[in-house]
Visitor: 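I am attaching a structure below and will ask some questions about it afterwards.
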There are 2 protein chains.
Amino acid sequence: MPTSDGPPTVETIAARAGVSIASVSRVLNGHGARPNTVRRVEQAAAELGYVPNGVARSLKGGRTRQLTFAMPDVGNPAYVSMVRQIQAVTKPLGYRLLLHSTDAVAEDELDVVRSLADRTSDGLILCPIRVTDAHMEVLARAARPVVVIGSLPGTAAVDSVRADSVSGTVLAVRHLMECGRRRIAFINGPADTVPGRNRLIGYETALREAGAVPDPELIVTTDFGIEAGARAAHRLLDAHPGIDSVFCANDQLALGAAHAAHDRDLRIPEELAVVGMDDSELARAGHPALTSVDLGSAERGRIAAEMLVARLDGGRHEVRCETVAPRLSVRESTTGARTRTAAGVS
Amino acid sequence: MPTSDGPPTVETIAARAGVSIASVSRVLNGHGARPNTVRRVEQAAAELGYVPNGVARSLKGGRTRQLTFAMPDVGNPAYVSMVRQIQAVTKPLGYRLLLHSTDAVAEDELDVVRSLADRTSDGLILCPIRVTDAHMEVLARAARPVVVIGSLPGTAAVDSVRADSVSGTVLAVRHLMECGRRRIAFINGPADTVPGRNRLIGYETALREAGAVPDPELIVTTDFGIEAGARAAHRLLDAHPGIDSVFCANDQLALGAAHAAHDRDLRIPEELAVVGMDDSELARAGHPALTSVDLGSAERGRIAAEMLVARLDGGRHEVRCETVAPRLSVRESTTGARTRTAAGVS
DNA sequence: GTGAAAGCGCTAACAC
DNA sequence: GTGTTAGCGCTTTCAC
């Protein structure tokens with residue numbers, strides 16, 4: 001029996017309303033009771049400012065109404081838009097969102113999956129930087145439903161949503177060729193990742209399908225980042241002045257490339273067309289605004305959230321694996337419309 | 001007594017190790033036991049892959065090891081850098097982070113504070129868009145420690161960290177004057193907020209201290225956003241062609257202003273110097289890179305987290321209120337170093 | 001050092 | 001309808 005101190009509990013309310021704790025629980029959960037009982041309980045609860053203890057509730061019910069989202073980097077706009085969509089799906093359903101930034105450390109990712117066993121979260125959306133055997137092993141034993149945003153081996157018994165960076169890259173390179181570009185350089189991010197490899201495949205595919213031969217000299221692999229992009233572009237332009245366009249593995253790299261072009265007095269897009277990837281706010285921020293491939297971060301986030309929710313209150317339906325189609329946002333860095341230099345020159 | 005199904009509990013371990021659940025708990029929490037007991041419990045736990053139920057633990061201990069961060073918009077880089085710093089402080093201490101995007105809806109903010117009563121989170125860092133009387137009232141009754149990032153009335157009994165947008169604006173405007181600018185326009189964000197008013201104060205203060213008279217004609221109030229910034233800049237430049245510089249209330253507005261300048265063939269910074277605020281990644285993304293005032297989002301996040309943690313495991317020390325000093329990041333949009341146009345012209 | 005037992009606050013059988 | 005009671009899984013007295 002709670003004494004004067006401490007927050008009110010079902011017992012406090014029961015005492016005040018002159019009923020049993022069971023009635024309090026029933027009324028508060030809308031399980032029907034005599035009108036008089038309802039009134040008295042509700043009044044007592046209101047007067048005391050009662051709020052049910054969520055932890056106790058979770059212990060009893062086995063569900064916490066909490067979901068976890070683990071991604072490599074909170075700062076990355078692509079993941080931010082996933083967060084936003086996940087929130088949009090789950091918040092109306094009454095879920096809270098736990099955020100976990102793994103800093104792209106694989107062991108951290110594994111720990112997140114393992115810690116599902118502490119029953120603190122009802123489910124997990126995991127966005128791994130790279131999927132290893134250890135991942136597959138841990139995922140197979142996960143204590144709660146998991147949805148992976150990324151590419152899993154076909155054998156995996158885990159729901160997943162993947163981007164299609166091959167097609168995305170093809171879109172970009174094809175667009176550059178349609179703009180009349182022939183010497184198309186490629187600034188790729190880390191190549192030892194699935195997306196890194198896929199972009200390379202896409203780049204070569206698009207060129208070949210147009211009857212062109214990919215020139216390894218025009219491909220640079222580097223870390224993500226504006227500075228890295230600028231350095232890579234300078235290197236390419238030093239070695240191959242004939243380059244008329246560059247496709248970059250993300251918007252930061254593309255902005256860096258644009259900076260390099262400006263530094264060398266190259267007009268965008270007349271002398272160098274630039275295409276980025278992710279279609280983040282940065283693409284719009286650049287001058288001229290960057291044409292960019294949207295790999296559907298937002299949509300992947302939304303779908304992952306929907307899959308997880310379905311798994312949570314749904315039954316044991318089969319494993320799902322969806323692929324989100326890329327989309328090209330065409331802006332001035334390839335078409336030249338509305339840019340200052342274009343206006344000044346033409 | 002747990003049957004074969006369900007995850008292992010203290011009872012499962014106890015049975016397997018041939019000891020009581022109390023001993024299991026002691027060993028698992030390092031409370032000392034006979035070496036033999038320790039060995040057997042640890043072995044049993046390892047074999048069964050036991051992970052303690054965090055919810056049960058929380059119910060008993062009254063602490064969830066969860067913290068909540070509520071801010072207006074997950075997408076805003078300023079808040080993202082707060083998230084990052086808060087993580088950096090609290091994660092090593094074993095806290096999980098619950099994220100809450102209020103979309104700048106005051107009622108949502110109030111709900112977050114109220115819901116602390118459900119004991120689901122040990123503490124809250126709240127970043128309100130605007131502090132109302134209702135906020136103060138709810139904050140005063142908060143069931144858990146709260147730290148506010150923002151300006152609170154002096155009477156508030158709540159820890160807080162505030163930015164100094166007055167000084168920040170003064171820094172920016174003073175810098176422009178030191179660069180020889182005299183017709184300094186001001187594109188402000190929503191003026192009915194504390195930061196909005198403070199920026200106006202700072203703008204007028206800096207001009208007056210230099211013996212100049214603020215011209216209301218050179219001040220535009222608008223929503224945040226790149227488009228809004230471009231429109232505002234065009235309007236200003238149409239009406240007052242003599243403007244030689246513009247200070248903007250955030251980086252988005254500044255980027256918009258830069259786009260407008262480019263559209264009108266105005267060279268930055270020769271013909272129009274531009275200063276932004278927040279020093280987000282966008283500032284670096286612009287071309288030329290934007291000079292921007294850093295209001296210390298990251299530092300505010302860090303300090304808020306430290307305050308909350310101190311309040312959590314510390315005693316009842318007095319209410320703290322810290323102010324973070326702004327810092328100016330000078331880049332090409334005011335100095336002209338390294339920009340293409342500068343190089344081309346000089 | 002160890003075990004039995006109480007209890008954190010809640011929900012849900014189960015009797016009445 | 002309503003009250004009594006039994007747990008959810010854990011930590012922590014309290015005896016031994």
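Each chain gets a letter, A, B and so on, in the order its sequence line appears, and its residues count up from 1.
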Visitor: Does some side-chain heavy atom of B/Leu98 sit less than 4.5 Å from a side-chain heavy atom of A/Leu97?
Guide: no
Visitor: Report the residues that fulfil salt bridge (Lys or Arg N to Asp or Glu O under 4.0 Å) with A/Arg130, sequence neighbours left out, ordered by chain and then residue number.
Guide: A/Asp192
Visitor: Take the protein atom CD1 of B/Ile13 and the nucleotide atom C1' of D/dT11, then report the distance between them rounded to whole Å.
Guide: 16 Å
Visitor: Tell me, please, which residues at least two apart from A/Ser101 pass side-chain hydrogen bond (donor to acceptor under 3.5 Å, both in side chains).
Guide: none
Visitor: Restricting to nitrogen or oxygen on both sides, can you table the protein-nucleotides 1-4 of chain C pairs closer than 3.5 Å?
Guide:
residue: C/dT2; atom: OP1; partner: B/Arg34; partner atom: NE; Å: 3.2
residue: C/dT2; atom: OP1; partner: B/Arg34; partner atom: NH2; Å: 3.4
residue: C/dT2; atom: OP1; partner: B/Thr37; partner atom: OG1; Å: 2.3
residue: C/dT2; atom: OP2; partner: B/Arg34; partner atom: N; Å: 2.9
residue: C/dT2; atom: OP2; partner: B/Thr37; partner atom: OG1; Å: 3.3
residue: C/dG3; atom: OP2; partner: B/Ser20; partner atom: N; Å: 3.0
residue: C/dG3; atom: OP2; partner: B/Ser20; partner atom: OG; Å: 3.0
residue: C/dG3; atom: OP2; partner: B/Ser23; partner atom: OG; Å: 2.7
residue: C/dG3; atom: N7; partner: B/Arg26; partner atom: NH2; Å: 3.0
residue: C/dG3; atom: O6; partner: B/Arg26; partner atom: NH2; Å: 2.5

Visitor: Taking only residues two or more places apart in sequence or in another chain, which ones pass salt bridge (Lys or Arg N to Asp or Glu O under 4.0 Å) with A/Arg16?
Guide: A/Glu47
Visitor: My understanding is that only residues two or more places apart in sequence, or in another chain, count here; which of them pass salt bridge (Lys or Arg N to Asp or Glu O under 4.0 Å) with A/Glu107?
Guide: A/Arg114
Visitor: Which residues pass the side-chain hydrogen bond (donor to acceptor under 3.5 Å, both in side chains) test with B/Asn53, sequence neighbours left out?
Guide: none
Visitor: Side-chain donor-acceptor contacts of residues 144-161 of chain B below 3.5 Å, not counting sequence neighbours, with atom names and distances?
Guide:
residue: B/Arg144; atom: NE; partner: B/Ser121; partner atom: O; Å: 3.4
residue: B/Arg144; atom: NH2; partner: B/Gly62; partner atom: O; Å: 3.2
residue: B/Asp159; atom: OD1; partner: B/Arg311; partner atom: NH2; Å: 2.7
residue: B/Asp159; atom: OD1; partner: B/Arg320; partner atom: N; Å: 2.8
residue: B/Asp159; atom: OD2; partner: B/Arg311; partner atom: NE; Å: 2.9
residue: B/Asp159; atom: OD2; partner: B/Arg311; partner atom: NH2; Å: 2.9

Visitor: To the nearest Å, how far apart are A/Arg39 CZ and D/dT2 P?
Guide: 12 Å
Visitor: Got a sec, which residues hit side-chain hydrogen bond (donor to acceptor under 3.5 Å, both in side chains) with B/Thr132, two or more places apart in sequence or on another chain?
Guide: B/His135
Visitor: Going by the salt bridge (charged side-chain N to carboxylate O under 4.0 Å, His left out) test, which pairs reach into residues 29-41 of chain B, not counting sequence neighbours?
Guide: none
Visitor: Would you work out how much the helix from C/dG1-D/dC16 to C/dC16-D/dG1 bends between its ends, with each end axis defined by five base pairs, to 10 degrees?
Guide: 40°
Visitor: Near DNA chain C, counting only heavy atoms under 4.0 Å, which residues of residues 40-67 of chain B show up?
Guide: B/Leu59, B/Lys60
Visitor: Suppose the criterion is side-chain hydrogen bond (donor to acceptor under 3.5 Å, both in side chains): which pairs have a residue in residues 84-97 of chain B, not counting sequence neighbours?
Guide: A/Asp73-B/Arg84, A/Asp108-B/Lys91, A/Asp118-B/Arg96, A/Thr120-B/Arg96, B/Arg65-B/Tyr95, B/Gln66-B/Arg96
Visitor: Does D/dG9 have OP1 or OP2 sitting under 4.0 Å from an N or O in the side chain of B/Thr9?
Guide: no
Visitor: Atom CD of B/Glu11 and atom P of C/dA5: how far apart are they, to the nearest Å?
Guide: 13 Å
